[in-house]
Number of protein chains: 2
Amino acid sequence: MASIPTATVGRLVTYLRALAELEEEQSEKTSSDELARRAQVSAFQVRKDLAYCGRFGTRGSGYQVAVLVRELRRVLGLTRPWHVAIMGMGRLGQALADYPNFDQYDFLLRGAFDADARKVGMVVGSMTVAHVDALPEAVTRDAIDLAFLTVPAGAAQSAADALIAAGVRGILNFAPTMIDVPDGVRVEPVDFLAGLQRLTFHMGARASEAAVSP
Amino acid sequence: MASIPTATVGRLVTYLRALAELEEEQSEKTSSDELARRAQVSAFQVRKDLAYCGRFGTRGSGYQVAVLVRELRRVLGLTRPWHVAIMGMGRLGQALADYPNFDQYDFLLRGAFDADARKVGMVVGSMTVAHVDALPEAVTRDAIDLAFLTVPAGAAQSAADALIAAGVRGILNFAPTMIDVPDGVRVEPVDFLAGLQRLTFHMGARASEAAVSP
DNA sequence: ATATGTGAATTGATTCACAGCG
DNA sequence: CGCTGTGAATCAATTCACATAT
């Protein structure tokens, strides 16, 4: 049971989604072929990835959907609810506060914070916006595990510092900037501007090629 | 000048951000060490990545910020404005329509579409929401290059099909699902739920380790 | 002297082919 | 026979050491 490659971890999520589809279709069994098609990777890759996590299949027969869902959720740490706070209640923070699909994945929104006093008291979804000063108390009281960081890039580092000081150990960083964190705190970037620029890179390359031909 | 590795392309964006900071600080020159610190990678990595794109530095002296910005923008295809449409004007689509930093990167919002007739006519930011039926005409008229796909997962494939039929060749997919596209069309996922689950994977592993010790 | 650019070495990920088990 | 699980081989990415240019 060596450690699971990071590239594999990234794909487990897509397998879990394919499995959710299969559950909706009342399928009880599936195969590496079918998962591969739905997750847009090779069947080799699916089998190798799943094998990194354990031996969940039956040779000659395939995988049981229910078993695979349970095991992958376990590997991904989705066995208990995670309490989430949103830091920064601009448009994006508000959009996230209203996102309908969190419960389904055992993520529970437990707080909404902003440094701007004018936003305090605003009701968004099921939450009332609180001031950042209330963060340390709230993290302890509501057992907040992780936070969505949805402040402007210039405010990201200080907002992250406040979250970490309050006891948050996981940050999903929506700001288009890197943040420094101490050991024991994990940051995952969600960077749509980076995705946008990867897109123009590939489209630009194609356009140039076309332009080069006579 | 072999092709640039995909991992490198992903990092070029972060170098460009570090360079933007340096420009604001009025720095004219920089080094692989400084860029490495700001982009949170090794200096080896910076030099190798930049060398894939060309020879932009001066040995013994470093890189000129202005030169590097110009060259990286060129490599990433940011030499001309890109016209963008938003497909799906829910909370996320609205948040994106209001995002202030697009012009800075030469992305111009040129259309907002929704399949729901009740949303048509709504004014968001500088745009008025149009019905999906108006898409083909709009893509041609406004020379729309790419689209943000911000519809629910269940509607993502058909919305993507509509975009592609209308002539869009690049899609930034915010829906938590895979979409199938023909050759010549590029999709980049922006998947915050995947990021969230990578976070719980790493945090869950740490928690388990802690729980295992006596 | 100093910091880039690059071949060589190492590490990691993907692909493949097939052994193993139902 | 069918499909998983896995060692071996290929491919890609990262790290390193140093030659090279100013």
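Note that the structure is a prediction, hence the values are computed from the model and not measured. In what follows, chains are A, B, ... by sequence order, proteins preceding strands, each numbered from 1.
Looking at A:Glu188, its side chain never comes within 3.5 Å of a backbone N or O of B:Leu196 through a donor-acceptor pair.
When the P atom of C:dA3 is taken as reference, atom CD of B:Gln64 falls 16 Å away, rounded to whole Å. Rounded to an integer number of Å, the gap from B:Leu50 CG to D:dT14 C1' is 15 Å. Atom OH of B:Tyr63 is separated from atom C1' of D:dA21 by 13 Å (rounded to the nearest Å). As a whole-Å value, the separation of A:Phe44 CZ from D:dC11 C1' is 15 Å. As a whole-Å value, the separation of B:Asp33 CG from C:dA1 C1' is 15 Å. The CZ atom of A:Phe56 sits 18 Å away from the P atom of C:dC21 (whole-angstrom rounding). In this structure, the CD atom of A:Glu71 is 16 Å from the P atom of D:dT4, given to the nearest Å. Spacing between atom CD1 of B:Ile4 and atom P of D:dA13 amounts to 12 Å, rounded to whole angstrom units.
A donor and an acceptor atom never sit less than 3.5 Å apart when one is taken from the side chain of B:Arg59 and the other from the base of C:dG5.
Smallest separation of non-hydrogen atoms from A:Arg17 and B:Pro176: CD-O, 3.2 Å. When all heavy atoms are compared, the tightest approach of A:Ala153 to A:Ala175 is CA-CB, 4.2 Å.
A:Arg47 comes within contact range of at least one nucleobase, with a heavy-atom separation under 4.0 Å. Among the atoms of the strands shown, only primed sugar atoms or phosphate atoms (P, OP1, OP2) are found under 4.0 Å from some heavy atom of A:Ser42. Across all strands, A:Thr6 comes closer than 4.0 Å only to sugar-phosphate atoms, never to a base (heavy-atom distances).
The side-chain contact (heavy atoms from CB on, under 4.5 Å) with A:Leu35 is formed by just one residue from the set A:Val65, A:Thr14, A:Leu22, A:Val41; it is A:Leu22.
Using bins of under 30°, 30° to 60° and over 60° for the plane-to-plane angle, the ring pair B:Phe192/A:Phe174 lands in the tilted bin.
Considering only side-chain N and O atoms, B:Gln45 lies under 4.0 angstrom from the phosphate OP1 or OP2 of D:dT15. A:Arg11 has no side-chain polar atom (N or O) that falls below the 4.0 Å cut-off from OP1 or OP2 of C:dA13.
The 5' end of DNA chain C is approached more closely, in terms of each residue's nearest nucleotide, by A:Lys48 than by the other of A:Lys48 and A:Thr58. Positionally, the nearest nucleotide of DNA chain C for A:Ala7 lies more toward the 5' end than for the other of A:Gly60 and A:Ala7.
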